[in-house]
Amino acid sequence: MSVLCAIPLFLSLCMSVLAFLLKGDKRFEKIGLLGFAGLVVSSGALLYYSAMNGLLILEIGGWRMPYGISMQVDVFSATINFFISILGLCAYMFSLDEIKEKRSRAGYYSAMFTLFAGANGVLLTGDLFNMYVWVEVLVVSSFLLLSMGQNKKQIKGALPYVLLNFLGSMFILSSIGLIYGLTGALNFAQISLLMDGLGIGPSATFGALFLAGFGIKCAIFPLFFWLPESYHRPPAAVSAFFAGVVTKVGVCALFKVYGLLFYKHMEVFQGALIWIGVFTMVSGVIGAVALYDVRRVLSYHIISQIGYMIFGLGLFGAKAWAASIFFIVHNILAKSNLFFIGAEMNRLGGSYNLQKTRGLYNFYPLISLLFFISAFSLTGIPPFSGFWGKLGLVEAGFEANEYLASSFALLVGLLTTYSMVKIWILGFWETPKSEKCRGPKNKYQMKRIVPIFILSMLSLYIGLWPEMLLSLSKQGSEQLLRPKLYQEQILGGVR
Amino acid sequence: MEVMLTLVSGILFACGVFCLLDGHFIKVVFGSIILSNAVNLLFFAMGRVDRDTPAFIGRGEVLQAANPLSSAAVLTSIVIGFSLTAFIIALMFRAHEQLSSLEVNEVVKEESK
């Protein structure tokens, strides 16, 4: 079954070529939907097999393991990959309505598929240099999607994004180069084996370079300033899968790199990671407090949620990592869905600005309900999905005696609630003041409401019945934290 | 040989960072080009450089072989760096057309208006 590892990647690359050939063609709509459905099915199968059988390994071109490029799929990567594909399907459906002909002629769908190919590649590859290449694929397609349309605002948002991401890639590449120089290996398992024999110095250096590189890409504390400048500018579908894919893949890469390569000297990073996490959450959530533009509020909340993940990464233990994985999945669903709903608020209520769009609940109860589910999932109110992730993280924080940092995590949860309640009260609950907002002018559209509905229901599902995802994330974190077993499984046949 | 390459790469890093910190976007572009070359050179030096040794040897020959992997990887990263640079330059061209200035501070000021 190991050939399954390559199928999501292969499928999205093929679809990207097809999308480019048929750009602006109406016939592509159904083919693309089929492509994303195929992506969901194949990632689902991959998740099923990796959860059943443990590690799946594919040696590309039949080259033996430490020499050739391989794909190695653990439960963690497969889980994230599966949920990213679901998000892809929903974002595609949403784009069908939102993206106008001009953009689709410019190759929007092609770039979207390439972006997912890049994300699949980063998650599923077992080779460090190959991972860099997929990161670049991901990043270049995100540049394209961000600056497509080329109006003044988008160019301004794209400038810092492109330059900082370029810098981040350079950090990652130089770290990979130095690792290669020291160990002579690029395969994760072999580097992991060889790093065991080295002292604390190399781990600290390379880990710090990776943290800087991926930190820029996923917007951690001192490096996040580009995110609120650029994420609210493109169409909502793009913002949604940027929020769900691009930043989250950066976080996942950090988990993989730290879990597999630098686990032995994790104590060097732990304190720094925990406090970077705390600062990230606090600065993100405070940035959002004073804003009234829905998209900007949500952009700042991306940063604050990334903080929780980095906090979990820093706690470094099976329990904390399981909670982080759960949190990442929850965030992929809830956060992206909020961007979709933000776009609907704009379409139905007339503006992204909360001071203009008011009282949507009076005319659009369904979308209000869906917003309620996603927003309160994000804040972590008990029956919803965010609760389980935050509970696990804070619990693990208390167990690790990080009382101060954990209480910050709780406090940030409160401020997140404040922001979401602000959107809820102003945007949905209040009676509309101006004449403009009175009366339902616009109707729901199937292509927009269906993806929002799917994501909300999924988010509700993992909130009410979290056992399945909890056990998956537990399995994933345990697999990541047993590098010895991992090395044996991969290199066992070689030595 | 490796020492020299590493030193050169270090100097290029310094120049690249210096240019990146400049207040004009064109200089930032130059900085990013220099930086990407610095990283490529670093990667190349890390693969250990051999002169006059072939990368591929026949079966049974007891020659020392050079390491082809680092060259292959550097080739890939050169191509990626080149495409990124091309994108950045195209973006700068659009920015030049649409914004009044390419000074970083001016762009930020225009933003806050």
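Every chain is numbered from 1 and lettered A, B, ... according to where its sequence line falls, protein lines coming before strand lines.
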Is A/N151 close to chain B through its backbone or its side chain, or both, or neither, when contacts mean heavy atoms under 4.5 Å?
backbone
Does NZ or CZ of A/R103 come closer than 6.0 Å to the centre of the six-membered ring of A/Y108, within 45° of the ring's axis?
no
NZ or CZ of B/K27 within 45° of B/F30 ring axis and under 6.0 Å:
no
If one checks every heavy atom of A/L173 against chain B at 4.5 Å, the contacting part turns out to be both
Run the side chain to side chain donor-acceptor pair (under 3.5 Å) test on A/S169 and A/E136 for me, step by step, so that the C-alpha distance in whole Å, both residues' side-chain angles and the decisive distance to 0.1 Å come before the verdict.
CA-CA 7 Å; A/S169 304; A/E136 288 307 302; 2.6 Å; yes
Ion pair A/E229/A/R296, N-O distance below 4.0 Å:
yes
Do the ring centers of B/F18 and B/F13 come within less than 6.0 Å of each other?
no
Given that the side chain runs from C-beta out, which part of B/L35 has a heavy atom under 4.5 Å from chain A: side chain, backbone, both or neither?
both
Decide if the gap between the ring center of A/F129 and the ring center of A/Y180 is smaller than 6.0 angstrom.
no
B/F87 atom CZ, neighbour heavy-atom count above 12 within 6.0 Å:
yes
For chain A, which candidate among B/L42, B/L99, B/L91 shows the most heavy-atom pairs at distances under 4.5 Å?
B/L91
Contact class of A/F171 relative to chain B, heavy atoms under 4.5 angstrom
neither
For A/S147, is it the side chain, the backbone, both, or neither that has a heavy atom closer than 4.5 Å to a heavy atom of chain B?
side chain
Heavy-atom cut-off 4.5 Å, strictly under: side chain, backbone, both or neither for A/V139 against chain B?
neither
Where on A/L144 is there a heavy atom nearer than 4.5 Å to chain B: the side chain, the backbone, both, or neither?
both
Using non-hydrogen atoms and a 4.5 Å limit, figure out which bit of B/S70 sits close to chain A: side chain, backbone, both or neither.
both
Chain A heavy atoms under 4.5 Å from B/F44: which part of the residue, side chain, backbone, both or neither?
neither
Residue selection (most heavy-atom pairs with chain B, distance under 4.5 Å) from A/L167, A/V137, A/L178
A/L178
Step-by-step side chain to side chain donor-acceptor pair (under 3.5 Å) determination, A/Y161 to A/S142:
CA-CA 10 Å; A/Y161 179 72; A/S142 73; 2.8 Å; yes
Would you name the heavy atoms of A/F210 and A/L254 that are closest together and state the gap between them?
O-CD2, 4.0 Å
Could you look at A/F143 and say if it's the side chain, the backbone, both or neither that has a heavy atom under 4.5 Å from chain B?
both
Looking only at A/G181, A/P160, A/A158, A/S174, most heavy-atom pairs under 4.5 Å shared with chain B are made by A/G181
